[in-house]
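None of these values were measured; they are calculated from a predicted model. By convention in this document, chain letters (A, B, ...) are assigned in the order of the sequence lines, proteins followed by strands, and residues within each chain are numbered from 1.
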Amino acid sequence: MRGYYRKAASYGVFRKAEPETLGKADLMVRVRFAPSPTGYLHLGSARTALFNWLFARGQGGSVVLRIEDTDVGRSSREMEEAILFDLRWLGLDWDEGPDVGGPHAPYRQSERGEIYREHAALLEEKGLTYPCYCTPEELQEKKERALSEGRTPIYDGTCRELSSARRRELEEQGRRPAVRFRVPEREVSFQDLLHGFVRFPPDSIGDFVLIRSDGRAGFHLAGVVDDATMGITHVIRGEDHLTNTARHLLLFDALGYTPPMYLHHSLLLGPDGGKMSKRHGATAVREYREMGYLPQALTNYLALLSWSPPEGREVLDLQELLELFDIGDLSSSPAVFDRERLDWLNGKHIRRMSLSEVVEAARGFAPEWSGHALFPVMVESVLDNITTLGDLPRYLQTYGTKAPPDEKTAEWLRGEVAVRVLEKAADILDRRELADLESAREVVGELKRAFAEKDVKPREILMPLRVALTGKDHGPGLHYLLYVLGKGECLRRLRQALAGSDA
RNA sequence: GGCGCAUUAGUCUAGUUGGCCUAGGACGCCGCCCUCUCAAGGCGGAGAUCGCGGGUUCGAAUCCCGCAUGCGCUACCA
């Protein structure tokens, strides 16, 4: 479903291949992230933010961060801070926002009540609004009745034409009205930058609430007013907002503002095909960070849902993503979140970083080891085994106390060859120092050479040594084991094994 | 129920001006190689009647129509 992008060029989006259009100041791109601080940053929101960011930065445009906290009951400052933190952790940044300020401050909807009231007043003057006294219970009942009778469950317009006497009466009952928008009976259509021409027939939209009975602007009014007054040029959001766009366009029109360009990207689905939610497991960026996923792996993976890079280069950090990403190449069908593919990417990124970077990132995940002088060596030794930093402690256990081998593993210690190998290993160690990784490597080499001509397979030489040292039949390379454990400890373990206490 | 969007292997996708598609790549799976082990890496394999049914055409995953399925919206949530 690609292609609308090119068609959409006349609507103000342009390919990177047409840099000449970038010079036009009136086409300066401004996008926004508009998270609702009702919980931790969701993977889906992060993906939306990523798309916005990649698009804006790719076009040399600016990014506005706006907090949609009109639902005071569910929003909290704590969550707002957590969201900003997680967005930054992912590597995203913004030019204007509640924390950095900007020419269109404030950036929290809860602090923009006056602006919304002014706009609502303007609409009222034009006769485009009316107070609605229906209670939530009544509305719920209407909806259910409509549904059961097979009618469209949109607001039925009960309060649309109330007489002023009737209004007074209801007010006297103590009812506080919400303000509804008088939705005109006409078709609404627009060009979605991804879906192309979309149209909504008249009568498909009910009179929606502009101002809630508590006096606060609802999502539709607040969002439209903010997008208009903040000069947003492109609204990139999830497809769940596609239908809302009709409402928003109507409001832009009523308010006399020019609407932005819209692009609705596909949704992020859980493995069962439903919208990604808690029941599918971890959904918050924060949870993935805590499990040891890397920010560049997350942004990489999220971008790969609905988008694929040219030439098949799939392992990309944010910077590379920025260079290759083109919002017009997004696929319009929904994508299922696949943890295994994320794991693969995370492993790739871990192995792509420099050792010192991994070691720094790893510290918090292995506090019991990070103080060790040879911690970097330990990390290096298990680098190829881990998919997340959270796997570290499990693999590093090899360097801890030696547990007795299980029955099957202990077999490596039995037999004449094994005993001779262990004796020889102890002999070599006795004579040498394990000064560094290289000398440990030499010890392994010398041991192999000592048995090379005797028709003994490498594994018959080295597996007994491995088991004698760790009690396990798998783990980091032997040279790592020797070096990290140290000469004294290695000799002690070898002698213990030779004494037969392991087998 | 209405409206909207979507529909290529278990998953993410390439494919858009119809023929180069006997449908390409990636994850996962299986096998081989490398290797002291586990991994990582390299190589190879299985896996898709391109949702279904019609039509247009010499020729359709690609165009048209219908149907089905999934998801979303239909809130004083965003």
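A:T243 has no side-chain polar atom (N or O) that falls below the 4.0 Å cut-off from OP1 or OP2 of B:rC5. Within the structure, a side-chain polar atom (N or O) of A:T70 is placed less than 4.0 Å from OP1 or OP2 of B:rA78. Distances shown here put every side-chain N or O of A:H241 at or beyond 4.0 Å from the OP1 or OP2 atom of B:rG72. For the OP1/OP2 pair of B:rU37 and a distance below 4.0 Å, the side-chain nitrogens and oxygens of A:R459 include at least one atom meeting the criterion. Side-chain N/O atoms of A:K142 include none lying less than 4.0 angstrom from OP1 or OP2 on B:rA75. Remark: A:R216 is not in phosphate contact with B:rC76, judged by side-chain N or O atoms under 4.0 Å from OP1 or OP2.
Within 4.0 Å (heavy atoms only), A:L139 reaches at least one base atom of the nucleic acid. Heavy atoms of A:L304 sit under 4.0 angstrom from primed sugar atoms or phosphate atoms, though from no base atom. Nucleic acid contact class of A:K448 (heavy atoms, under 4.0 Å, all strands): sugar-phosphate only. Counting any heavy atom pair closer than 4.0 Å across all strands shown, A:G477 reaches a base atom. Note on A:V179: nothing from the nucleic acid sits closer than 4.0 angstrom, heavy atoms only. Counting non-hydrogen atoms under 4.0 angstrom, A:N244 reaches a base of the nucleic acid. In this structure, A:R339 reaches neither bases nor backbone, as no heavy-atom distance under 4.0 Å exists between it and the strands shown. Using a 4.0 Å heavy-atom distance criterion, A:P201 is classed as a sugar-phosphate-only contact. Residue contacts shown for A:G312 are absent, as no nucleic acid heavy atom lies under 4.0 Å away. Residue-level contact check: A:K457 touches neither bases nor backbone, having no heavy atom under 4.0 Å from any strand.
Side chain of A:S308, nearest nucleotide from B:rC77, B:rC36, B:rA14: B:rA14. Taking every side-chain heavy atom of A:H195 into account, B:rA6 is the closest of B:rU74, B:rC76, B:rA6. Out of B:rG72, B:rU13, B:rU74, the shortest distance to the side chain of A:I154 is found at B:rU74. In the set B:rC36, B:rC27, B:rA78, the nucleotide with an atom closest to the side chain of A:E340 is B:rC27. Of the candidates B:rG1, B:rG41, B:rC5, B:rG41 carries the atom nearest the A:K348 side chain, counting heavy atoms from C-beta on. Of the candidate nucleotides B:rA78, B:rG4, B:rA6, B:rG4 has the atom nearest to the side chain of A:V198. In this structure, of B:rC77, B:rG10, B:rG72, it is B:rG10 that holds the atom nearest to the side chain of A:D338. Considering only side-chain atoms of A:W344, the nucleotide from B:rC12, B:rA26, B:rG4 that sits closest is B:rA26. Distance from the side chain of A:R212 is smallest to B:rC77 among B:rU11, B:rC77, B:rG28. Nearest to the side-chain atoms of A:S213 among the listed nucleotides B:rC76, B:rU74, B:rG4 stands B:rC76.
B:rG28 is unpaired under the criterion used here, namely a Watson-Crick or G-U wobble arrangement in which both key atom distances are under 3.5 Å. When both distances must be under 3.5 Å, the Watson-Crick or G-U wobble mate of B:rA23 does not exist. Under the Watson-Crick and G-U wobble criteria, each requiring two contacts below 3.5 Å, nucleotide B:rG2 is paired to B:rC73. Summarising the base pairing, B:rG41 is matched to B:rC33 through a Watson-Crick or G-U wobble pair whose two defining distances lie under 3.5 Å. Across all strands shown, B:rA46 remains unpaired; no Watson-Crick or G-U wobble contact has both distances below 3.5 Å. Shown here, B:rG53 forms a base pair with B:rC65; the pair counts as Watson-Crick or G-U wobble because both key distances fall under 3.5 Å.
The distance from the CD1 atom of A:I211 to the CZ atom of A:F181 is 12.5 Å, given to the nearest 0.5 Å. A distance of 13.0 Å separates CZ in A:F190 from CZ in A:R199, rounded to the nearest 0.5 Å. Atom-to-atom distance recorded for A:T387:OG1 and A:E340:CD is 10.5 Å, nearest 0.5 angstrom.
The distance between atom NE2 of A:H474 and atom C1' of B:rA40, rounded to the nearest whole Å, is 15 Å. To the nearest angstrom, P of B:rU35 lies 16 Å from CG of A:D384. A:D203 has its CG atom 13 Å from the P atom of B:rG4, to the nearest Å. Look at OH on A:Y130: it is 13 Å from C1' on B:rC76, rounded to the nearest Å. Between the C1' atom of B:rC12 and the CE atom of A:M276 lies a distance of 14 Å, rounded to the nearest Å. Rounded to whole Å, the distance from CG on A:L422 to C1' on B:rC36 is 13 Å.
Contact check for A:Y480 versus A:L485: no side-chain heavy atoms found under the 4.5 Å cut-off. With contacts defined as side-chain heavy-atom distances shorter than 4.5 Å, the pair A:I67/A:P35 qualifies. Side-chain contact check for A:V235 versus A:H248: every heavy-atom pair is 4.5 Å or farther apart.
For the pair A:R237 and A:Y262, the cation-pi criterion (under 6.0 Å, within 45° of the ring axis) is not fulfilled.
Using a 4.0 Å cut-off between charged side-chain N and carboxylate O, A:E446 and A:R449 make no salt bridge. By the 4.0 Å N-to-carboxylate-O rule, A:R74 lies too far from A:D69 to be salt-bridged with it. Using a 4.0 Å cut-off between a side-chain N of Lys or Arg and a carboxylate O of Asp or Glu, A:R176 and A:D214 do not qualify as a salt bridge.
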How does protein contact run along nucleotides 46-51 of chain B, one letter per nucleotide 5' to 3', with B for base contact, S for sugar-phosphate only, - for none, heavy atoms under 4.0 Å? ------
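Comparing the C1' positions of B:rA14 and B:rG25 gives a spacing of 7 Å, expressed to the nearest Å. For the C1' atom pair drawn from B:rC12 and B:rA75, the interatomic distance equals 34 Å after rounding to whole Å. B:rC21 and B:rC50: their C1' atoms are spaced 10 Å apart (whole Å).
Taking the six-membered ring wherever Trp is involved, the centroid distance between the rings of A:Y301 and A:F337 falls below 6.0 Å.
Residue pairs meeting the salt bridge (charged side-chain N to carboxylate O under 4.0 Å, His left out) criterion with at least one partner in residues 403-412 of chain A, sequence neighbours excluded, are A:E407-A:R414.
Residue A:R341 places a side-chain atom within donor-acceptor reach of the base of B:rA26, judged by atom type and a 3.5 Å distance cut-off alone.
Residue-to-nucleotide proximity on RNA chain B shows that, of A:S266 and A:L462, the 5′-proximal contact is made by A:S266. Closest-nucleotide positions on RNA chain B for A:I386 and A:E314 were compared, and the one nearer the 5' end corresponds to A:E314.
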